[in-house]
Amino acid sequence: MSIQRVMVIGAGQMGSGIAQVAATAGLEVLLHDMDPSLPEKAIEKMESFLDRDIKKGRKTEEKKNQILAKVLPSFKLKDAAEVDLVIEAVVEKMAVKVELFQRLDVICAQKTILASNTSSLPITEMAAVTNRPEKVIGMHFMNPVPVMKLVEVIRGLATSDQTFSTIRDLAIQMEKTPVEVNDFPGFVSNRVLMPMLNEAIFCVYEGVATVEAIDEVMKLGMNHPMGPLTLADHIGLDTCLSIMEVLYEGFGDSKYRPCPLLRKYVKAGWLGKKSGRGFYAYD
Ligand code: NAI
């Protein structure tokens with residue numbers, strides 16, 4: 001099946017990046033958010049991202065205009081009736097995603113594939129609330145989407161081979177490298193990454209070292225491009241906590257216990273870069 005039109009739901013940090021790479025790959029993109037002011041703002045951010053690419057000689061002004069012309073804000077979920085694929089990138093909460101999938105299942109044409117950019121939640125559970133479980137799949141992009149090459153393509157229990165190959169081919173069209181994984185909590189990326197970030201937060205909590213020192217150890221000692229606390233701030237501490245809770249509940253193993261300091265920061269509204277305060281302060 002060839003994908004021509006896509007709706008991206010959630011115009012936050014991930015949704016805006018996904019909309020940009022989809023438009024760059026030549027798709028018609030509708031960008032929708034429950035907050036009607038966000039799609040326009042995301043398109044403005046996209047423009048400044050593309051301007052940076054022009055300055056670095058990676059894009060032309062003409063290409064930028066072509067990309068921006070392909071992205072339209074959408075103010076009604078009902079617009080999803082017109083698309084071949086929906087990619088949702090709303091908050092990492094199962095109740096929100098399940099409700100959205102139920103509504104989309106009613107709105108969308110039978111051919112439409114429903115994909116989730118979830119970092120950790122079960123694709124099979126989202127598929128089960130629809131009448132098209134064979135057309136539900138995980139399409140997990142990395143942050144920042146225009147830069148990072150990986151897309152984890154997650155097969156739910158009932159995902160068909162046709163849906164899988166359509167999404168794998170689309171990821172390649174978006175100049176990404178798809179990697180197939182099965183549906184288990186945290187998939188591969190966050191099952192391996194997130195316990196490391198949580199452990200770094202435990203090091204802060206237990207006073208093992210300062211935030212800066214922990215990041216320095218991992219950057220210089222392990223050759224990581226970014227320290228774990230900086231990375232947690234970039235991902236969003238609310239998202240990190242949600243993923244740890246999914247691992248903890250999904251495996252029932254205390255090794256995935258979210259650090260109490262992570263919970264405290266999220267309760268305080270210290271969500272990292274997006275809220276201006278996390279382990280570091282941002283302008
Ligand atoms: P974000 O907080 O920046 O954006 C979420 C957006 O969803 C907000 O604009 C919000 O208004 C909107 N939203 C919430 N409920 C909605 C609904 N019912 N209908 C329409 N819009 C709704 O979050 P972010 O970081 O973009 O994450 C989104 C998803 O992507 C999550 O599932 C997250 O786990 C996943 N993800 C996040 C990564 C990261 O590094 N932040 C990396 C890969 C995946």
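Just so you know, these numbers use all the heavy atoms, side chains as well, and skip hydrogens, waters and symmetry mates. In each ligand, atom 1 is the first atom listed, and ligand 1 is the first ligand listed.
Residues Asp233 and Tyr282 have side chains that bring a donor and an acceptor to within less than 3.5 angstrom of each other. A donor-acceptor pair shorter than 3.5 Å cannot be found between the side chains of Thr130 and Asp105. Using a 3.5 Å distance cut-off with no hydrogens or angles, the side chains of Glu92 and Thr239 do not pair a donor with an acceptor.
Of the possible donor and acceptor atoms, one in the side chain of Thr124 sits under 3.5 Å from a partner among the backbone N and O of Leu157.
Protein residues having a heavy atom under 4.0 Å from any atom of ligand 1 are Ile9, Gly10, Gly12, Gln13, Met14, Asp33, Met34, Leu38, Ala89, Val90, Val91, Glu92, Val96, Lys97, Asn117, Thr118, Ser119, His140, Phe141, Asn143, Ile235, Thr239, Lys274, listed by chain and number.
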After noting the C-alpha distance and the side-chain angles of Asp238 and Lys274, does the key distance pass the salt bridge (charged side-chain N to carboxylate O under 4.0 Å, His left out) rule? CA-CA 10 Å; Asp238 52 342; Lys274 66 183 168 187; 3.1 Å; yes
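Residues Asp161 and Arg155 meet the side-chain proximity criterion, which asks for heavy atoms closer than 4.5 Å.
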